[in-house]
Amino acid sequence: MNLLEELKWRGLYQDSTPGIENCWSVPGVGAYAGFDPTAPSLHVGNLVVVMLLTHCRRYGLRPIAIVGGATGMVGDPSGKSQERKLLDLDTLRANQAGVHAQLEKLVAYDPDGPELLVLNNYDWFAQFTFLDFLRDVGKHFSINYMMAKDSVQNRLESGISFTEFSYQLLQGYDFYHLYQHYGCRLQVGGSDQWGNITTGIELVRKLTGGEVHGLTAPLLTRADGSKFGKSEGENVWLDPERTSPYKFYQFWLNAADEDISRLLKIFSLKGREEIESALERHAAEPHLRIAQKMLAVELTERLHGKPALETALAATDALFGDAPFSTLERLSPKEFGQIFEGVPSATLNRSWFEAQKNVVDLLAESGAAPSKSEARRLVQGGGLKINKIKISSPDHVPVFDELLAGRYLFIQSGKKKHHIVVFEP
RNA sequence: GGGGAGUUGCCGGAGCGGUCAAACGGGGCGGACUGUAAAUCCGUUGGCUUACGCCUACAGUGGUUCGAACCCACUACUCCCCA
């Protein structure tokens, strides 16, 4: 199996330039993809392109990532309605470092193989004057050619600034630069990048006569039509400080059955036979969610490491499984905090217990319920659990001894809504 | 400029003097089922010291009335028709 065949069966192949096989016939050749430097972390939406680079590396190409300081400033015209903010250099460097570390774990997960290179195109664009750019790059493209791109066409009605119109030339020049200095002959990206990629190929051919290639992956969508990569409207980040390993694990575990076949092929590095057998078992017994668990375990471990995976598994079992809630007492305060990161919390003083208030008061005062009426309704409907123990009477009076680790009360309203109350001494 | 219709809870939409915290549908939230899913079914859906009690709410203000979402007046906004 070669790279192309691998990407095809995995569903990572949308389109490529004719004769693409030529570009990896030379040993040590580079393959590049660009990433937006707007945040110090990638999110799962970036993961498709990360996987493209990963597979390139597995087949011996040198992976190059551009975390584009220069292109990020100009803004890819696809989608965005807001004016881009210019990022200052310090932020840029910090973002780049964060992204670099993540790519190291994912693309270069295997120590054997070509070294991963992460570059900032600000380094070569900063010195490039406008006049030089017009003469050296702009001269090679007709307006007609540039206008034909989908990214431009889609904006003709609503309007597109000269800045964003020029974006494709910047990205095209990146490809040329990498070709000249790093032996890069392939650019990969999402299907929306096709236009920008072909501009680069064109520029390389015109400036050097060299042959370079492009390959795109299809846009990843969810069966229910919602955008991939969000969990309850929030981005799922790769940075454990932003999205805890537990949340990350949960994201994959909750993938829909209709999506999991595609997701597993795209994001798992396991071999074809292993993946197909897992999917068969999953189809036979979908309620066991074999495929989701397999993918969640694999990705969490690759990105965050084994200890983090184990914490995520323990937390999952304690929160959703049969394990008693007390197993969480073993967790360090930091791990505890991570699992409940994003879980709404409230802080009360321990003297709260002196007043002998009931659960309805607790829910209302901690913000777990918006009003006492609603709290009462919840309890009467049988939807309240405290530290995983069902509370069926609104008159129940919580006592100090119920606190987990002497500090916490874990409130479940319904099955999925969690709330943590911290009692300060 | 003239004429008409309307403005109700998260949304749509009934109500046209008391029994209206307001039908019905959607959505939300709980429960059962289940897989931390989908579908389905059940419950619930203004607040309060849970009370056949009180408070706040049917665009705003004022009025008629024992009593107003409902009648009247004015104000604001929306839509339609004619110039």
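Predicted, not measured: the structure shown is a model, and the values here were computed from it. Order of the sequence lines fixes the chain letters, A, B, ..., with proteins taken first and strands second; residue numbering starts at 1 for each chain.
Going from the C1' atom of rG27(B) to that of rC79(B) covers 26 Å, rounded to whole Å. rA59(B) and rU8(B): their P atoms are spaced 7 Å apart (whole Å). For the C1' atom pair drawn from rC42(B) and rG46(B), the interatomic distance equals 24 Å after rounding to whole Å. Comparing the same atom, P, in rC70(B) and in rA21(B) gives a spacing of 14 Å after rounding to whole Å. With P as the reference atom, rG60(B) and rA68(B) are 15 Å apart, rounded to whole Å. If you take atom P in rU64(B) and the same atom in rG15(B), they sit 28 Å apart, rounded to whole Å. Separating the C1' atom of rG9(B) from that of rA23(B) is a span of 13 Å, rounded to the nearest Å. With both ends at atom P, the span from rA69(B) to rC54(B) equals 16 Å, rounded to whole Å.
In this structure, E258(A) places its CD atom 16 Å from P of rG35(B), rounding to the nearest Å. Spacing between atom NZ of K390(A) and atom C1' of rA32(B) amounts to 10 Å, rounded to whole angstrom units. Rounded to whole angstrom, the span from the CG atom of L363(A) across to the C1' atom of rG30(B) amounts to 13 Å. When rounded to the nearest whole Å, the span between NE2 of H282(A) and P of rA37(B) equals 14 Å. Nucleotide rA38(B) holds its P atom 13 Å from the CG atom of D259(A), rounded to whole Å. Following rounding to the nearest Å, L378(A) (CG) and rU45(B) (C1') show an atom-to-atom distance of 13 Å. Atom C1' of nucleotide rA37(B) and atom CZ of F251(A) are separated by 15 Å, given to the nearest angstrom.
Because its NZ or CZ atom is both nearer than 6.0 Å to the ring centre of Y109(A) and within 45° of the ring axis, R302(A) counts as a cation-pi partner of that residue.
In this structure, N121(A) CG and Q171(A) CD are separated by 9.0 Å, a value rounded to the nearest 0.5 Å. Note that NE2 of H43(A) is 4.0 Å distant from CG of N46(A), once rounded to the nearest 0.5 Å.
Within 4.0 Å (heavy atoms only), R377(A) reaches sugar-phosphate atoms of the nucleic acid but no base atom. Within the 4.0 angstrom heavy-atom criterion, base atoms lie near L253(A). When heavy atoms are screened at a 4.0 angstrom cut-off, S413(A) is found touching the sugar-phosphate backbone but no base atom. Across all strands, S373(A) comes closer than 4.0 Å to base atoms (heavy-atom distances). Within the 4.0 angstrom heavy-atom criterion, no nucleotide atom of any strand lies near P394(A).
Taking a 6.0 Å sphere around CD of E273(A), one finds it holds 12 or fewer heavy atoms contributed by other residues, nucleotides or ligands.
Annotation: F228(A) is in aromatic contact with F251(A) [ring centroid separation under 6.0 Å].
For L384(A) and A364(A), each mapped to the nucleotide of RNA chain B holding its nearest heavy atom, the one lying further toward the 5' end belongs to L384(A). If you find the closest nucleotide of RNA chain B to G381(A) and to L288(A), the one lying nearer the 5' end belongs to G381(A).
The base of rU36(B) sits within donor-acceptor range of the side chain of Q250(A), with an N or O pair under 3.5 Å.
The pair K105(A)-D110(A) fails the salt-bridge criterion, with no side-chain N (NZ, NE, NH1 or NH2) lying under 4.0 Å from an Asp/Glu carboxylate O.
Nearest to the side-chain atoms of S371(A) among the listed nucleotides rU34(B), rG35(B), rG47(B) stands rG47(B). If you check rU34(B), rG30(B), rU36(B) against the side chain of N254(A), the one that comes closest is rU36(B).
In this structure, K415(A) does not reach the rG31(B) phosphate: none of its side-chain N or O atoms is under 4.0 Å from OP1 or OP2.
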